Amino acid sequence: MIILSGGTGTPKLLRGLRRFVMDDELTVIVNTAEDITISGGLVCPDIDTVLYLFAGILDEDRWWGIRGDTFHTHNAMKDAGATELLAIGDRDRATHLLRTALISGGMSLTGATRDIAARFGISARILPMSDGHVETIIRTPDGDVHFQDFWVGNRGEAEVLGVLQRGADEPGEEVLDAIEHEDTVVIGPSNPISSIGPILSMRGVREALRDKRVIAVSPMIGSAPVSGPAGKLLRAMGFEVSSGGVAQCYDDILDVLVIDERDTIVPSGGFEVVAADTLMDTREKSESLARFILHLLR
Ligand code: GDP
């Protein structure tokens, strides 16, 4: 089973899927357009969350970082006057430094992710969407800023005029091959602009998905995302802020859209719409949505 993922909504669905599907049957293609180097360590926020989820050590209150991590190095950096944009835990930082070391030694991000996953004893296949550097840039009235400067530095408060992507468009070395070997692809409830959009923009990915049955779970409930800046980014890109807007983002590849049962407006188009309780605020709710998705797959 193959799933396209960002770093919050889709990992909540993966938490549920793991109850019914063996990890070694799961392939997760993960967004890397929010990656950023901090104090010399390559932080891949979405890959890290997926790694920690499968390793069983994810902080599931925040959906980033390692449960119970300490912040000695982060605080020492701050005391030394080197402010870090993201609060990085000590064990989390070890992942970033190991990743950086592996890549400096000549490995691709795909290889480094495989290596780190193996060290954590993970049997799921976690594939970066690209091995090249990709950046999501938010256009604001004060200029263009990196996604993390907008979302973490500015708390997402700036007016968004547009979203651009810079950097590589070459998919990760195993991405197209992984898609080719599946009949159905699940797009998890992640941000369609800043998490799934970058994956779909990798060369050949949309084309490969047109031949597949694509089931997408909406990250919106009514006219708002469950969390994060999806509403602002959808609006800036000219899409409706609703499941209908999400469907518009995927219109050329979408076969089935899972909307929330609370939605009063049902999008229409060349795809089937099904409704479920998509709010995964507990493990049980992740599992029941996962069961629903697996039912659709069968
Ligand atoms: P990011 O990398 O942290 O932005 O991670 P994602 O793109 O994976 O996750 C952000 C998106 O997940 C937001 O658009 C949220 O609306 C969505 N999301 C978070 N929790 C849930 C949930 O419980 N249900 C649904 N349907 N969407 C969710």
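Because the structure is predicted, anything quoted here is derived from the model rather than measured. Hydrogens, waters and symmetry mates are skipped; everything else that's a heavy atom, side chains included, is used. In each ligand, atom 1 is the first atom listed, and ligand 1 is the first ligand listed.
In this structure, Ile66 and Arg91 approach most closely via the heavy-atom pair CG2-NH1, 3.4 Å. Across all their heavy atoms, Glu34 and Ser194 have their closest contact at OE2-O, 3.5 Å.
For Arg262, the salt bridge (charged side-chain N to carboxylate O under 4.0 Å, His left out) partners are Asp260, Asp277, not counting sequence neighbours.
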request  = Before giving the answer on side chain to side chain contact (heavy atoms under 4.5 Å, CB included), spell out for Tyr52 and Asp92 the whole-Å C-alpha distance, their side-chain angles and the decisive distance to 0.1 Å.
outcome  = CA-CA 9 Å; Tyr52 300 152; Asp92 191 15; 2.6 Å; yes

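Other residues, nucleotides and ligands contribute at most 12 non-hydrogen atoms within 6.0 Å of the CD1 atom of Ile265.
Sorted by chain then number, the residues whose non-hydrogen atoms approach ligand 1 to under 4.0 Å are Gly6, Gly7, Thr8, Gly9, Thr10, Lys12, Glu34, Asp46, Pro189, Ser190, Asn191, Ser195, Ser218, Pro219, Pro225, Val226, Ser227, Ala230, Thr278, Leu279, Met280.
Screening Pro225, Pro219, Pro267 for a side chain to side chain contact (heavy atoms under 4.5 Å, CB included) with Val246, the sole residue that qualifies is Pro219.
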